[in-house]
Amino acid sequence: QVQLVESGGGLVQAGGSLRLSCAASGRTFSNYAMGWFRQAPGKEREFVAAISWTGTSTAYADSVKGRFTISRDNAKNTVYLQMNSLKPEDTASYYCAVRNNGGLRISDNQYKYWGQGTQVTVSS
């Protein structure tokens, strides 16, 4: 059974940093693109970042570009999201997801497996 478990969320002051991790189990995801999405209360889920299966291609939402960095360690079946210069508007539940294909995509309907999410709260 495929399982994605996010960790690293928490409460941080504006300007601070957090590093999210997403550990995958149940199969090897080294050949598949992975992504991070977020959903704030009362808002739709939105794309944050994605990375190809090789890790050589990445994509970011304009709102996080230059502040967030996505990376992966295929040996550990884990994807990371380093979040710097956090803003109150970054407050949301963050979800990792895995495609069943190696190319990165920004649409959530292109992702097959999802984690349960980790809460990030940024205070002003």
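- Taking hydrophobic clusters as Ile, Leu, Val, Met, Phe, Trp and Tyr residues chained together by side-chain heavy-atom distances below 4.5 Å, Tyr95 does not share a cluster with Val2.
- Side-chain contact check for Ser123 and Gln13: no donor-acceptor pair (N or O, by modelled atom type) lies under 3.5 Å.
- No side-chain heavy atom of Val12 sits under 4.5 Å from any side-chain heavy atom of Met83.
- A 4.5 Å side-chain heavy-atom check between Trp114 and Glu6 finds every atom pair outside the cut-off.
- Interatomic distance, CD of Gln3 versus CG of Asn77, reported as 12.0 Å (0.5 Å rounding).
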Step-by-step side-chain hydrogen bond (donor to acceptor under 3.5 Å, both in side chains) determination, Tyr111 to Arg99:
CA-CA 4 Å; Tyr111 289 78; Arg99 294 198 70 211; 5.5 Å; no
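- Side-chain contact between Ile70 and Tyr80 is absent, with no heavy atoms from C-beta onward closer than 4.5 Å.
- Closest approach of Leu4 and Cys22 over heavy atoms only: CB-SG, 4.0 Å.
- At a threshold of 4.5 Å between non-hydrogen side-chain atoms, the residues Trp36 and Phe68 do not count as touching.
- A heavy-atom distance below 4.5 Å is found between the side chains of Thr58 and Tyr60.
- Residues Arg38 and Val64 meet the side-chain proximity criterion, which asks for heavy atoms closer than 4.5 Å.
- Of all heavy-atom pairs between Asn101 and Gly103, the closest is OD1-N, 2.8 Å.
- Heavy-atom minimum distance, Tyr32 versus Asn100: CD2-C, 3.2 Å.
- Shown here for Asn84 and Ser17, the closest heavy-atom pair between the two residues is OD1-OG, 2.9 Å.
- Surrounding CD of Gln116 are at most 12 heavy atoms belonging to other residues, nucleotides or ligands under 6.0 Å away.
- Put simply, Leu20 and Tyr113 are part of the same group of oily side chains (I, L, V, M, F, W, Y) that touch within less than 4.5 Å, one to the next.
- Within the 6.0 Å centre-distance limit, the rings of Phe37 and Phe47 are counted as a close aromatic pair.
- Summarising the geometry, atom CD belonging to Gln39 is positioned 7.5 Å from atom OG belonging to Ser93; distances are rounded to the nearest 0.5 Å.
- For NZ of Lys65, the number of neighbouring non-hydrogen atoms (other residues, nucleotides, ligands) closer than 6.0 Å is greater than 12.
- Judged by distance alone, the side chain of Asp90 and the main-chain N or O of Val122 form no donor-acceptor pair under 3.5 Å.
- Ala59 and Ile106 get closest at one heavy-atom pair: CB-CG2, 4.4 Å.
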Would Val120 and Thr91 satisfy side chain to side chain contact (heavy atoms under 4.5 Å, CB included), going step by step from the backbone distance to the final call?
CA-CA 5 Å; Val120 171; Thr91 295; 5.9 Å; no
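- The nearest pair of heavy atoms linking Ala33 to Gly102 is CB-O, 3.5 Å.
- Residues Lys112 and Val98 fail the side-chain proximity criterion, which asks for heavy atoms closer than 4.5 Å.
- Atom OG of residue Ser21 and atom CZ of residue Arg72 lie 13.5 Å apart, to the nearest 0.5 angstrom.
- Checking each of Asn74, Val79, Asp73 against Lys76 for a side-chain contact (heavy atoms from CB on, under 4.5 Å) leaves exactly one that passes, namely Asp73.
- A donor-acceptor contact shorter than 3.5 Å links the side chain of Arg67 to the backbone of Ser63.
- Listed for the Thr121 side chain is no donor-acceptor partner under 3.5 Å among the backbone atoms of Leu11.
- Between the side chains of Gln110 and Asp108, not a single donor N or O lies within less than 3.5 Å of an accepting N or O.
- Note on Leu18 and Tyr94: same hydrophobic cluster, where clusters join Ile, Leu, Val, Met, Phe, Trp and Tyr whose side-chain heavy atoms are under 4.5 Å apart, directly or indirectly.
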